[in-house]
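Here's the structure we're looking at; comments come further down.
Values in this document were obtained by computation on a predicted structure and should not be read as measured data.
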Amino acid sequence: MGATARRPEMPDTNSTLNEGKTAEPAGAARGASFVDPATVLRITNLELRAKVIVEGFMSGLHRSPYHGFSVEFSDYRPYSPGDDLRHLDWKLLARSDRMYIKRFEDETNLRCFLLVDFSRSMGFATTGFSKAEFARTTAATLAYFLSLQRDAVGVVTFDEQVTDFLPPRFRPGHLRRIMMCLERAMSGTATSLSRPLEHIAESLSKRGLIVLISDLLAPTDELVRQLAYLRSMGHDVILMRILDPAEIDFKFSSASMFHDLETGKEIFVDPDTVVADYKKRFAEHAAQIQQCCDDLGIDLFQITTSEPLEKSLFSLMQARAQRGRAFSRGRPAGGRR
């Protein structure tokens, strides 16, 4: 794929950037309050960080006009006469005046794999924290939230190889093991998006949900082939593309030495001479990914490290709601809406 697939490089010297402003996720409930990611990422404990994000987001939804949205998404079913009242969610009844029965593990079919890119390029940062830290927190947030729904969650971390593999489970202590996998430091260099997807395809015997969290800055040929194979097996797939604002805007203003995080090469770059070609190649690569997702019926969400971490939760909820929760019932989701 040539230069299109190259990783954005980090300048060694002082390069000025216009930091992106924190924006509310498109379509999010207006009543929800979103916290600046820099504030959340000051929490050192990953599980506590995820808990703060989830609880803040759900509290915001309950205060919003879209009160029923979060309830519909949860693994509950409406109360029917004769149901065991021990399984009634009394707190939910007090908040919403609606009667819902909690769904337990044997009623929940969703099996989710979180695939997290920990290659060196994910260490790129201009907002005070790296894409890897943002991706790690995103995965922890989704794992925490899905565990609250009593869904089986697994995690795969990768660079050029699969580094950690934890199968989907719902049992005591499993969430802590997920957090331990996500807390490990990056160690690899290059990225292979096809290998973790191939590993997942060989490991999942039942249909499930696969969430790939990566900057996706790698050749798309193998990615397309593996995604097509997963979709043919009936799996639902969500891509969460994590990018630094500088990778999109390329607002470097002064000539600098740039260091490739994966190859270690250094090159002197004058932004004025490369910005047009960079943006053109970056847009072409993004268009290839979008076309792949459109063709395969895959939800693609782009999130920058300047945006609220809650956006990943909203994206997941949006995807499940718009697909009628087909994959949580173990059925193929069909084409893209």
**Fill in**
Correct closest heavy-atom pair for Tyr144 and Ala50 would be CB-CB, 3.9 Å
**Asked** Salt bridge or not for Lys51 and Glu47, using N-O below 4.0 Å?
**Response** no
**Request:** Please answer: with hydrophobic residues joined when any side-chain heavy atoms are less than 4.5 Å apart, are Leu223 and Met233 in the same cluster?
**Result:** no
**Asked** Is Arg111 close to Phe170 at the side-chain level, that is, under 4.5 Å between some pair of heavy atoms?
**Response** no
**Distance, nearest 0.5 Å, that separates CG of Leu239 from CD1 of Ile213** = 10.5 Å
**Item:** Note: Glu160-Arg120 ion pair, threshold 4.0 Å (strictly below)
**Value:** no
**Item:** Apart from Val52 itself, residues in the same hydrophobic cluster as defined by side-chain heavy atoms under 4.5 Å
**Value:** Ile43, Leu48
**Asked** For the hydrophobic clusters of this structure (ILVMFWY residues joined by side-chain heavy atoms under 4.5 Å, transitively), does one cluster hold both Val224 and Leu227?
**Response** no
**Item:** Single-linkage hydrophobic cluster Val274~Ile248, side-chain heavy atoms < 4.5 angstrom
**Value:** yes
**Request:** Would you give the length of the straight line joining atom CG of Asp249 to atom CZ of Phe282, rounded to the nearest 0.5 angstrom?
**Result:** 9.0 Å
**Message:** Using modelled atom types and a 3.5 Å cut-off, is there a donor and acceptor pairing between side-chain atoms of His199 and backbone atoms of Val156?
**Reply:** no
**Request:** State whether the side chain of Tyr278 and the backbone N or O of Glu247 hold a donor-acceptor pair below 3.5 Å, judged by distance alone.
**Result:** yes
**Asked** For Leu197 and Leu115, what are the C-alpha separation, side-chain angles and deciding distance, and is it a side-chain contact (heavy atoms from CB on, under 4.5 Å)?
**Response** CA-CA 8 Å; Leu197 293 173; Leu115 278 63; 3.6 Å; yes
**Prompt:** Stepwise, does the side-chain contact (heavy atoms from CB on, under 4.5 Å) test hold for Leu296 with Val237?
**Reply:** CA-CA 9 Å; Leu296 297 176; Val237 181; over 6 Å; no
**Message:** Check for me, please, whether Leu212 and Leu230 land in the same ILVMFWY cluster - side-chain distances under 4.5 Å, paths through other members count.
**Reply:** yes
**Complete:** d(Leu114 CG, Leu146 CG) to nearest 0.5 Å is 7.0 Å
**Item:** Donor on one side chain, acceptor on other, Thr304 and Asp244, under 3.5 Å
**Value:** no
**Asked** Which class fits the ring pair Phe165 and Phe113: parallel under 30°, tilted 30 to 60°, perpendicular over 60°?
**Response** tilted
**Message:** Could you check whether Thr220 and Gln288, counting side-chain N and O atoms only, form a donor-acceptor pair closer than 3.5 Å?
**Reply:** yes
**Prompt:** At their closest point, which heavy atom of Pro37 faces which heavy atom of Phe129, and how far apart are they?
**Reply:** CB-CZ, 3.7 Å
**Inter-residue atom distance Gln226.CD - Arg231.CZ, 0.5 Å rounding** = 14.5 Å
**Prompt:** Does the Arg281 side chain pair with the main chain of His285, one donor and one acceptor, at a distance under 3.5 Å?
**Reply:** no
**Asked** Can you list every pair that meets salt bridge (charged side-chain N to carboxylate O under 4.0 Å, His left out) and has a residue in residues 135-146, with sequence neighbours left out?
**Response** Glu133-Arg136
**Message:** With side chain to side chain contact (heavy atoms under 4.5 Å, CB included) as the test, pick out the partner of Ser312 among Thr137, Ile303, Val211.
**Reply:** Ile303
**Prompt:** For the residue pair Pro168 and His174, what are the closest heavy atoms and their distance?
**Reply:** C-NE2, 4.3 Å
**Request:** May I ask you to decide if Gly208's main-chain N or O and His235's side chain share a donor-acceptor pair within less than 3.5 Å?
**Result:** yes
**Phe118 side, atom CZ; Phe158 side, atom CZ - distance, nearest 0.5 Å** = 9.5 Å
**Asked** If you take all heavy atoms of Ala125 and Ser130, which pair is closest and at what distance?
**Response** CB-CA, 3.6 Å
**Asked** According to a 4.5 Å side-chain heavy-atom criterion applied to Ile, Leu, Val, Met, Phe, Trp and Tyr, with indirect links allowed, do Leu175 and Val116 form part of one hydrophobic cluster?
**Response** yes
**Message:** With heavy-atom distances below 4.5 Å as the criterion, would you say the side chains of Asp236 and Arg207 are in contact?
**Reply:** no
**Request:** May I have the step-by-step check of side-chain contact (heavy atoms from CB on, under 4.5 Å) for Gln302 and Leu243, ending in yes or no?
**Result:** CA-CA 7 Å; Gln302 180 171 293; Leu243 294 171; 3.6 Å; yes
**Asked** Is the closest side-chain donor-acceptor distance between Ser306 and Thr127 under 3.5 Å?
**Response** no
**Message:** Under 3.5 Å, is there a donor on one side chain and an acceptor on the other for Asp159 and Ser119?
**Reply:** no
**Heavy-atom pair with the smallest gap, counting every atom of Arg49 and Thr44** = NH2-O, 3.9 Å
**Prompt:** Does the Arg241 side chain pair with the main chain of Asp215, one donor and one acceptor, at a distance under 3.5 Å?
**Reply:** yes
**Request:** Test side-chain contact (heavy atoms from CB on, under 4.5 Å) on Leu217 and Ser121 and set out the steps.
**Result:** CA-CA 9 Å; Leu217 292 173; Ser121 75; 5.6 Å; no
**Item:** CA sep, side-chain torsions, deciding dist, call: Glu222, Arg225, salt bridge (Lys or Arg N to Asp or Glu O under 4.0 Å)
**Value:** CA-CA 5 Å; Glu222 282 297 305; Arg225 186 175 69 84; 2.8 Å; yes
**Message:** Is it the case that the side chain of Thr157 and the backbone of Asp164 share a donor-acceptor pair, with hydrogens and angles ignored and the cut-off at 3.5 Å?
**Reply:** yes
**Minimal non-hydrogen separation, Pro172 against Arg177, with atom names** = O-NH2, 4.0 Å
**Asked** What's the spacing between Cys293 SG and Ile298 CD1 if we round to 0.5 Å?
**Response** 5.0 Å
